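Input: a single structure, listed below in structure tokens.
Whatever order the structure lists them in is the order used to number ligands and atoms, beginning at 1. Since the structure is predicted, the reported quantities are computational estimates derived from the model, not experimental observations.
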Amino acid sequence: MSATARLWLLATASVLSACGRPPDRRPWLADAYSPSASAALTLPEIPTPQIEQRDGKNRIAFLGPNGRTYGIRWESVSESVGVPNGGALRRGAQLPKTGPGYRHVGKNPWGTDEAVTFLQLAAYVVHDMYPDTVPVVIGDVSRDEGGHLRPHKSHQSGRDADVGLFANNNKPLRGFVNLSPSELDVEKTWVYIETLLRTGQVLYIFLDRRLQPALYRHARDQGWSEASLDRVFQYPGGREKTIVRHVAGHADHLHVRFTCPADDPECGD
Ligand SMILES: [Zn+2]
């Protein structure tokens, strides 16, 4: 047997000079590898992988939607302060303009190291599973230093991000586009969501209720149990405290809220 294939991906954070801040040298480093082909899912529950700290870096490994194990390491120097609707961001990380599976639009790419890492990771996994995919559009995260960001109420503490949808037939979208359920690429959109769920680092995702049934049915067809899906989707029962939940204005993008990083003591939900 050949040695385990190991793929390294390195995207260096953009250098920022405009605000008089020193260049941001934090690398974003992901290693994706498939240690064995037998890692296919048998129990599609939501895992809660532990974040390990070693050599000043955080590490997490989890099983991807395709049965591969994905590992990622990052250095956490950012700090999310306060609550998303009234907070700030210290030493935020900048989402690079482009990366595997995504492109960022707009002028607000700042987030916690964790948010920026996991947004890229989910796009990376989609790209890994669908190498020919058009990039998903990622919009506002937070401002440098966080704080109020029009027209949002939240997006203030580096833990919120708007992520576009995937359209059927690999149709490229220039920005956020309202999609009907039949226009939505359910498979890719679910991979993006499912990857975030599998990291255990997402509090919730806003998405219009009309788009939830197709994703629910697809996930169920993939082997997710109804008990697990009851925690993820409001559909079909109309529960409120699910991870994916309806908020008006989210038929053209996902609003992702990440959990407070463990080492950010002033972060509040
Ligand atoms: Zn948003």
Side-chain angles (χ1 to χ4, degrees), residues 78-90 92-99 101-123 126 135-167 173-179 184-185 188-197 199 201-212 215 232-234 240-261 264 267-269:
S78 65
E79 208 177 327
S80 180
V81 179
V83 294
N85 287 11
L89 177 65
R90 294 184 191 134
Q94 187 177 5
L95 181 69
K97 206 71 190 159
T98 60
Y102 84 92
R103 66 188 180 89
H104 174 258
V105 298
K107 296 178 178 166
N108 303 293
W110 302 93
T112 62
D113 290 293
E114 287 75 12
V116 166
T117 297
F118 290 119
L119 288 168
Q120 292 178 89
L121 177 67
V126 176
V136 71
V137 172
I138 301 181
D140 282 347
V141 191
S142 285
R143 290 166 48 204
D144 183 14
E145 313 293 341
H148 193 69
L149 174 58
R150 283 195 200 115
H152 311 281
K153 290 195 189 103
S154 60
H155 287 262
Q156 294 197 25
S157 60
R159 295 193 291 122
D160 296 279
D162 291 339
V163 181
L165 304 171
F166 292 89
L173 302 177
R174 287 197 176 169
F176 293 168
V177 176
N178 263 291
L179 297 179
L184 181 72
D185 188 321
K188 290 185 203 165
T189 304
W190 176 242
V191 168
Y192 195 95
I193 293 173
E194 185 179 2
T195 300
L196 291 176
L197 297 178
T199 67
Q201 305 300 310
V202 168
L203 273 182
Y204 50 73
I205 296 170
F206 296 155
L207 178 64
D208 192 282
R209 62 168 67 87
R210 284 167 298 175
L211 297 176
Q212 293 186 32
L215 290 164
V232 175
F233 289 104
Q234 290 170 309
E240 289 183 1
K241 305 254 175 187
T242 54
I243 293 176
V244 178
R245 53 181 84 174
H246 173 85
V247 171
H250 293 79
D252 60 359
H253 72 282
L254 312 164
H255 173 112
V256 182
R257 165 80 43 87
F258 291 93
T259 57
C260 276
D264 292 7
C267 181
D269 290 333

>> Testing the 3.5 Å rule here: is there a donor-acceptor pair between the side chains of H255 and D162?
In response: yes
> Of all N, O or S atoms in D162, which has the smallest distance to the Zn ion (ligand 1)?
Replying inline: OD1
> Excluding sequence neighbours, so at least two apart, what forms side-chain contact (heavy atoms from CB on, under 4.5 Å) with R143?
Replying inline: N108, L149
>> Which atom name would you report as the N, O or S atom of H255 nearest the Zn ion (ligand 1)?
In response: ND1
> Do the ring planes of Y204 and F206 sit parallel (below 30°), tilted (30 to 60°) or perpendicular (above 60°)?
Replying inline: parallel
>> Report whether any nitrogen, oxygen or sulfur of H155 sits less than 2.8 Å from the Zn ion (ligand 1) (N, O or S, backbone or side chain).
In response: yes
>> So, using ring-ring contact (aromatic ring centres under 6.0 Å, His included) as the criterion, who are the partners of H152 when residues are at least two apart?
In response: H155
